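Reading through the structure tokens given below for one structure.
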Protein chains: 2
Amino acid sequence: MSEKTTIYDIAKELNITAATVSRALNNNPKISQSTRKLVLETANRMNYKQNRLALALRSGRSNNVGVIVPRINTNFFASVIRGIEEGLHPEGYQVIICQTHEEENREIENINTLLNAQVDGILMSISNLSEENNHYIERVIQKKIPLIFFDRKKEINNVSSVTIDDYQASYQTTQHLIAQGCDKIAYFSGDRSLEIYEERYRGYEQALLDNNIAINPDYIINIKSNVQEGQEAAEKLLTLATPPNAIFSTSDFAALGAIQKLKEHGIKIPEDFCVFGFGNEPFTKFMELSISTVDQSPLEMGKVAAQVFLDKINNRDKKKSESQVVLMPKLLIRQSSTRIA
Amino acid sequence: MSEKTTIYDIAKELNITAATVSRALNNNPKISQSTRKLVLETANRMNYKQNRLALALRSGRSNNVGVIVPRINTNFFASVIRGIEEGLHPEGYQVIICQTHEEENREIENINTLLNAQVDGILMSISNLSEENNHYIERVIQKKIPLIFFDRKKEINNVSSVTIDDYQASYQTTQHLIAQGCDKIAYFSGDRSLEIYEERYRGYEQALLDNNIAINPDYIINIKSNVQEGQEAAEKLLTLATPPNAIFSTSDFAALGAIQKLKEHGIKIPEDFCVFGFGNEPFTKFMELSISTVDQSPLEMGKVAAQVFLDKINNRDKKKSESQVVLMPKLLIRQSSTRIA
DNA sequence: CAAAAGAATGCAATCGATTACACAAATCTA
DNA sequence: TAGATTTGTGTAATCGATTGCATTCTTTTG
């Protein structure tokens with residue numbers, strides 16, 4: 001029965017052409033009022049729905065954008081995606097999501113799939129695409145598909161980005177810990193081949209330098225973002241001849257793990273030891289000992305990324321419509337690092 | 001330059017027809033080895049990428065599925081979506097996400113948009129679609145687009161669903177609380193016009209009945225899933241002449257709020273008062289006083305939903321390919337409700 | 001009233017890929 | 001070697017919507 005109605009079905013029903021139907025539905029002024037009314041009524045009666053695939057093929061615009069993230073189910077990425085969806089929905093775009101699990105080949109595969117699907121833009125948080133595979137990115141640019149990096153970016157010509165100022169976040173956090181009287185600050189780093197982690201490290205380093213505190217390589221530990229690695233790293237720190245009296249973890253989960261270990265060892269937080277996380281995961285606020293952390297305003301990041309995309313689409317012709325938006329991080333100073341109020 | 005290569009470009013380059021190119025690319029056995037090789041090489045050299053829109057239009061299959069959820073950035077939904085993506089990705093499907101914010105008109109709008117976009121299936125967690133608007137659902141079924149409800153469902157013919165056994169979850173939780181010695185168990189309910197909340201209520205009720213405990217209407221409070229409403233509800237309970245000695249909250253967030261209030265009042269958990277949540281939000285595990293909760297295995301739910309969709313697609317012809325999968329909830333009994341180990 | 005202008009609609013190509021059918025050339029069979 | 005097969009390609013329609021360019025029918029104008 002009403003399996004699928006096309007403009008041809010409507011045309012046949014009314015003994016007119018599909019062209020006329022199309023024009024009537026699109027409010028083309030060349031169509032007479034009477035015909036338009038008839039078409040609209042019939043379309044409604046026959047339950048017509050425009051086939052967006054056909055439209056997309058003809059117009060070259062799919063009204064889809066692709067979003068590539070390492071994984072969906074973390075508070076940060078889920079919130080960014082929400083922001084993107086809410087920024088793009090009113091403009092009639094739909095969001096296709098892809099996960100990479102931080103694997104380079106998945107990253108490449110996803111880019112290709114999205115290009116095949118003729119998306120109108122790609123928003124991605126890049127993870128491990130090596131230099132030698134930059135041409136996959138170049139291809140996107142060549143096809144004039146707007147490409148926007150968020151959070152994790154790469155310096156590439158013609159690619160816009162929306163990030164937070166990781167250097168500042170890290171610098172200010174370290175300053176804060178020093179101001180709280182901590183002079184031996186350990187640092188949990190993520191993979192420093194990623195710009196965000198390199199920036200954060202720089203901020204940490206510079207703050208120490210500016211306060212005449214020597215960098216202690218023993219205090220710098222590479223971790224993955226999970227509770228267990230935080231526990232292990234803390235354990236290792238406590239075995240040092242001179243253990244630190246603060247930890248700045250670039251992961252909230254690792255910060256939590258560290259706190260658990262410290263407590264096990266009977267260390268009082270924040271009196272004996274301060275801990276600062278990164279990411280504002282919901283749990284940091286809920287803990288009995290609330291965890292200080294850096295808020296990256298993911299929702300806003302998503303909305304801004306959506307806006308940057310829309311600007312690019314609307315200014316396709318303009319020579320250079322590249323923009324690098326840097327959002328300001330917010331330090332949420334909570335109990336785990338508050339000695340002096 | 002390499003703006004866009006089509007099979008026609010390849011055909012022209014080789015002085016053959018687009019048909020031949022298409023066949024060569026699709027490994028059609030009728031094509032000679034030499035031609036096939038030539039086409040593949042040329043396609044590669046010219047950086048050809050199949051236009052999936054064209055393919056979709058011709059074949060009637062877009063290889064996209066739509067996922068409709070109230071919002072993306074909650075642990076539960078984000079995890080389900082992850083599961084769906086991971087179940088569908090290997091089969092070449094892409095996932096389009098839509099948010100409803102629990103608004104009926106958004107729900108309708110999203111269904112329509114997805115139908116226009118010619119998705120091959122719709123997976124949704126329904127919220128507030130009233131009976132009178134069931135025809136929007138019917139339309140999906142009429143178009144023979146597989147429709148799968150997950151978590152929140154509605155009894156509709158021909159619609160598959162993947163849910164957890166909310167009744168059992170609730171019944172067992174209540175039994176557990178009673179076994180811990182709680183005889184005055186308050187209940188935080190969600191909107192009972194949703195099947196899941198109605199089921200959970202039934203489980204609570206039945207467990208009390210089975211243990212000869214009278215239902216006290218004062219103990220039953222409707223809340224939204226957030227910390228503040230949990231605090232307020234707990235506050236209200238404590239002003240009762242006979243306050244309860246346990247709370248079963250169908251929201252982890254409200255459970256947390258309640259715990260905070262109880263502590264403020266100097267009530268000891270679990271000694272004086274047990275609390276049980278629902279949803280296994282990450283923070284419930286991380287708290288110093290870990291919160292007992294029900295795990296809904298969202299990742300698995302997503303994967304199963306994906307599988308159900310794939311089965312439906314592959315058995316289109318079969319009369320009835322409707323399936324109602326019910327996953328078993330897992331009670332995570334943690335500190336907030338453990339008096340007796 | 002003839003010619004020009006205007007209004008409303010039809011015709012046909014297009015977007016890119018697939019595929020039933022037709023056809024030519026090469027190979028085989030008796 | 002005529003006729004039957006097989007093999008490899010080409011032709012053209014199709015999916016559904018849009019749109020430049022006719023074309024037809026009115027209406028206006030001088």
Side-chain angles (χ1 to χ4, degrees), chain A residues 2-40 42-43 46-64 92 113 115-120 143-144, chain B residues 2-40 42-43 46-64 92 113 115-120 143-144:
Chain A
S2 75
E3 268 261 23
K4 226 157 229 177
T5 309
T6 72
I7 53 172
Y8 294 94
D9 300 327
I10 299 177
K12 193 174 289 173
E13 182 85 1
L14 297 176
N15 258 319
I16 53 179
T17 341
T20 306
V21 174
S22 171
R23 283 190 269 253
L25 291 171
N26 288 295
N27 278 321
N28 183 313
K30 299 239 149 193
I31 295 296
S32 71
Q33 284 304 320
S34 56
T35 314
R36 184 194 319 286
K37 187 153 169 275
L38 210 55
V39 168
L40 290 177
T42 313
M46 296 178 75
N47 198 11
Y48 169 77
K49 287 264 144 54
Q50 187 191 48
N51 183 329
R52 276 186 49 197
L53 285 183
L55 174 58
L57 180 58
R58 174 128 222 290
S59 67
R61 305 181 58 230
S62 66
N63 269 268
N64 286 151
T113 315
L115 287 181
N116 290 191
Q118 313 293 117
V119 294
D120 295 339
K143 292 206 177 189
K144 303 212 197 302
Chain B
S2 75
E3 267 261 23
K4 225 157 231 178
T5 309
T6 72
I7 53 172
Y8 294 95
D9 300 327
I10 299 177
K12 195 175 288 172
E13 182 85 1
L14 297 176
N15 258 319
I16 53 178
T17 342
T20 305
V21 175
S22 171
R23 282 190 271 250
L25 292 171
N26 288 294
N27 277 319
N28 184 313
K30 300 238 148 192
I31 295 296
S32 71
Q33 284 304 320
S34 55
T35 314
R36 184 196 319 286
K37 187 155 170 275
L38 209 56
V39 168
L40 289 177
T42 314
M46 297 178 76
N47 198 11
Y48 169 76
K49 286 266 144 54
Q50 187 191 48
N51 184 328
R52 278 185 49 196
L53 284 184
L55 174 58
L57 179 58
R58 173 128 223 288
S59 67
R61 306 180 57 230
S62 66
N63 269 268
N64 287 151
T113 315
L115 287 181
N116 290 190
Q118 313 292 119
V119 292
D120 295 338
K143 292 206 176 188
K144 303 211 197 305

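By convention in this document, chain letters (A, B, ...) are assigned in the order of the sequence lines, proteins followed by strands, and residues within each chain are numbered from 1. Because only heavy atoms are used, hydrogens play no part in the values below, and waters and symmetry mates are left out as well, while side chains stay in. Only a predicted model underlies this, so the values are computations on that prediction, with no experimental measurement involved.
In this structure, I10(A) atom CD1 and dT18(D) atom P are separated by 11 Å, rounded to whole Å. One atom, CG of L14(A), and another, C1' of dG10(C), lie 15 Å apart when rounded to the nearest Å. One interatomic measurement links the two molecules: CG of N51(B) to C1' of dT14(C), which rounds to 13 Å at whole-angstrom precision. Distance N116(B) CG to dC15(D) P: 19 Å, rounded to the nearest Å. dT9(C) atom C1' lies 7 Å from atom CZ of R23(A), rounded to whole Å. The nearest whole Å value for the distance from the NZ atom in K12(A) to the P atom in dG10(C) is 15 Å. The CG-P distance, from D9(B) to dG16(C), rounds to 8 Å in whole Å. Between the NZ atom of K30(A) and the C1' atom of dC25(D) there is a distance of 14 Å, given to the nearest Å.
Listed pair S22(B) / dA17(C) fails the phosphate criterion, with no side-chain N or O lying under 4.0 Å from OP1 or OP2. Distances shorter than 4.0 Å separate some side-chain N or O of T17(A) from OP1 or OP2 on dG10(C). In terms of phosphate contacts, Q33(B) brings no side-chain nitrogen or oxygen within less than 4.0 Å of OP1 or OP2 of dG8(D). Residue S32(A) places at least one side-chain N or O closer than 4.0 Å to OP1 or OP2 of dT9(C). Of the side-chain N and O atoms in Q118(A), none sit less than 4.0 angstrom from OP1 or OP2 of dG16(C). Checking the phosphate oxygens (OP1, OP2) of dT14(C), no side-chain nitrogen or oxygen of Y8(B) falls inside 4.0 Å.
Counting non-hydrogen atoms under 4.0 angstrom, L55(B) reaches the backbone sugars and phosphates but no base. As judged by a 4.0 angstrom heavy-atom cut-off over every strand, T6(B) is placed among residues touching the sugar-phosphate backbone only. Counting non-hydrogen atoms under 4.0 angstrom, I16(A) reaches the backbone sugars and phosphates but no base. The residue L25(B) sits apart from the nucleic acid: no heavy atom pair falls under 4.0 Å. As judged by a 4.0 angstrom heavy-atom cut-off over every strand, N26(B) is placed among residues touching the sugar-phosphate backbone only.
Checking dA8(C), dT7(D), dG16(C) against every side-chain atom of T35(A), the shortest atom distance belongs to dA8(C). Looking at the side chain of A19(B), the nearest of the listed nucleotides dT7(D), dA17(C), dA12(D) is dA12(D). Nearest to the side chain of I7(A), among dG16(C), dA17(D), dT9(C), sits dA17(D). Of the listed nucleotides (dC21(C), dA8(C), dG16(D)), dG16(D) has the atom at the smallest distance from the side chain of L57(A).
Counting heavy atoms from C-beta on, the side chains of V39(B) and I31(B) never come closer than 4.5 Å.
For the pair R61(B) and D120(B), the tightest heavy-atom approach, listed with the atom from each and the gap, is CA-OD1, 3.5 Å. Shown here for L25(A) and Y48(A), the closest heavy-atom pair between the two residues is CD1-CE2, 3.6 Å. Listed here is the closest heavy atom pair of S62(B) and A56(B): CA-CB, 3.7 Å. The shortest non-hydrogen separation linking S22(B) to I7(B) is CB-CD1, 4.3 Å.
With hydrogens and angles ignored, the 3.5 Å screen pairs no side-chain donor or acceptor of N26(A) with any backbone N or O of N28(A). Looking at T17(B), its side chain never comes within 3.5 Å of a backbone N or O of A19(B) through a donor-acceptor pair. Using modelled atom types, one side-chain atom of S32(B) and one backbone atom of T35(B) make a donor-acceptor pair closer than 3.5 Å.
Note on the helix from dC1(C)-dG30(D) to dA30(C)-dT1(D): angle between the axes of the first and last five pairs equals 60°, rounded to 10 degrees.
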